[in-house]
There are 2 protein chains.
Amino acid sequence: MNDNPHNPDVSSSESLVLAQPCPIRDVLDRIGDQWSLLVLLTLRPGTRRFNQLRREIDDISKQMLSRTLKQLEQDGLVSRTAYPEVPPRVEYQLTELGQSLLTPVAALVAWAEQHQPAVNAARERYKHTTAR
Amino acid sequence: MNDNPHNPDVSSSESLVLAQPCPIRDVLDRIGDQWSLLVLLTLRPGTRRFNQLRREIDDISKQMLSRTLKQLEQDGLVSRTAYPEVPPRVEYQLTELGQSLLTPVAALVAWAEQHQPAVNAARERYKHTTAR
DNA sequence: CCGAATCCATATGGATACTG
DNA sequence: CAGTATCCATATGGATTCGG
């Protein structure tokens, strides 16, 4: 069995920081999907309307943008304001929570940029060491 | 795929940090999937053997552990050492690159833990403000 | 203009059996 | 013990259509 020090042994044999029904997974699932992070970053400069977002992201379908925004809104990362006009106007912007998330995300993005060469090199190396 | 005809000038506006064929997406796809991050965190304390990882993660199948490790190895985040013994023994450990990734990841995990209540509250709020 | 509903293709994850 | 191969279920993403 596992004797992980920082893990209080539960009756079941679960051992890790990321147990299954896990808040951390919640977050990572959100930034890990295809569009959420992109939407958040697009909203960083300021408020955007629906089709404005669509144009800026450019290759996102209405459907996915709609779904993504709804999820982000549910999680309190983005706020939605609908103006009762004709034609309708809906504006989206980052909440403070959403903005605060962009800080650690930026660190990750920075890592990615900085270490991209290393990752690519590793991939090349892998291909060449092939006896597989 | 991209190259939309009615696309306004992307170049002059906020340059999208995440263009489509994107190194950042590469990384996020890796930590965004079901198991990679969990494996990396499990390896943080030190070297682990294959079935040792399986037991610690507990609910991962051999298949997914194998796939995940191979990907992490390809990307240079994890190193694999096979000992020519009978029965075979294979050890995995974080590379320096893998360890360096855990730093920004830790920031994200910290954010998740810290703001989980806020996210849950937002979800509750959403349920109540919704139609019905 | 905003976005929900429908329908569909593919990607991802898993159970199991098999191999060296 | 450490995987790989096969087969299958579901999740995710997208094109199109419809409606407020």
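All figures in this text were calculated on a predicted structure; none of them were measured in a lab. Proteins get letters first, then strands, A, B, ... in listed order; numbering begins at 1 in each.
- Here R49(A) lies in heavy-atom contact (under 4.0 Å) with sugar-phosphate atoms only.
- When the nucleotides dC1(C), dG14(C), dG13(D) are ranked by their closest atom to the side chain of R67(A), dG13(D) comes out on top.
- Rounded to an integer number of Å, the gap from L53(B) CG to dC1(D) P is 14 Å.
- Whole-Å rounding puts the N51(B) CG to dT4(D) P distance at 13 Å.
- Annotation: of the two residues near DNA chain D, I60(A) and Q52(B), the 5′-most nearest-nucleotide partner is Q52(B).
- Salt bridge R54(A)/D59(A): absent, no basic N to carboxylate O contact under 4.0 Å.
- Taking every side-chain heavy atom of F50(A) into account, dC2(C) is the closest of dA2(D), dC2(C), dA15(D).
- The CD-C1' distance, from Q34(B) to dA11(D), rounds to 10 Å in whole Å.
- Atom CE of M64(B) is separated from atom C1' of dC8(D) by 14 Å (rounded to the nearest Å).
- In summary, the side chains of Q93(B) and R48(B) do not present any donor paired with an acceptor at a separation below 3.5 Å, with no hydrogens or angles considered.
- Looking at heavy-atom distances under 4.0 Å, Y83(A) makes no contact with the nucleic acid at all.
- When the C1' atom of dG13(D) is taken as reference, atom CG of D33(B) falls 17 Å away, rounded to whole Å.
- Straight-line distance from the CD1 atom of I57(A) to the C1' atom of dG14(D): 15 Å, rounded to whole Å.
- Between E124(B) and K127(B), at least one side-chain nitrogen of the basic residue sits less than 4.0 Å from a carboxylate oxygen of the acidic one, meeting the salt-bridge criterion.
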Counting only pairs under 3.5 Å, give me each side-chain donor-acceptor contact of residues 85-92 of chain A, with atom names and distances, residues two or more places apart or in other chains.
| from | atom 1 | to | atom 2 | distance (Å) |
| --- | --- | --- | --- | --- |
| E85(A) | OE1 | R89(A) | NE | 3.3 |
| E85(A) | OE2 | R89(A) | NH2 | 2.9 |
| R89(A) | NH1 | E91(A) | OE2 | 3.2 |
| E91(A) | OE1 | Y83(A) | OH | 3.3 |

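- Residue Q63(B) is in base contact, counting any heavy-atom pair closer than 4.0 Å across all strands shown.
- One atom, CG of D29(A), and another, C1' of dT10(D), lie 15 Å apart when rounded to the nearest Å.
- Of the side-chain N and O atoms in S66(B), none sit less than 4.0 angstrom from OP1 or OP2 of dG3(D).
- Atom NZ of K62(A) is separated from atom P of dA15(D) by 12 Å (rounded to the nearest Å).
- OP1 or OP2 of dG3(D) has at least one side-chain nitrogen or oxygen of Y92(B) nearer than 4.0 Å.
- Annotation: E96(A), atom CD; neighbour count of heavy atoms from other residues, nucleotides and ligands within 6.0 Å does not exceed 12.
- Comparing W35(A) and P88(B) against DNA chain D, the residue whose closest nucleotide sits nearer the 5' end is P88(B).
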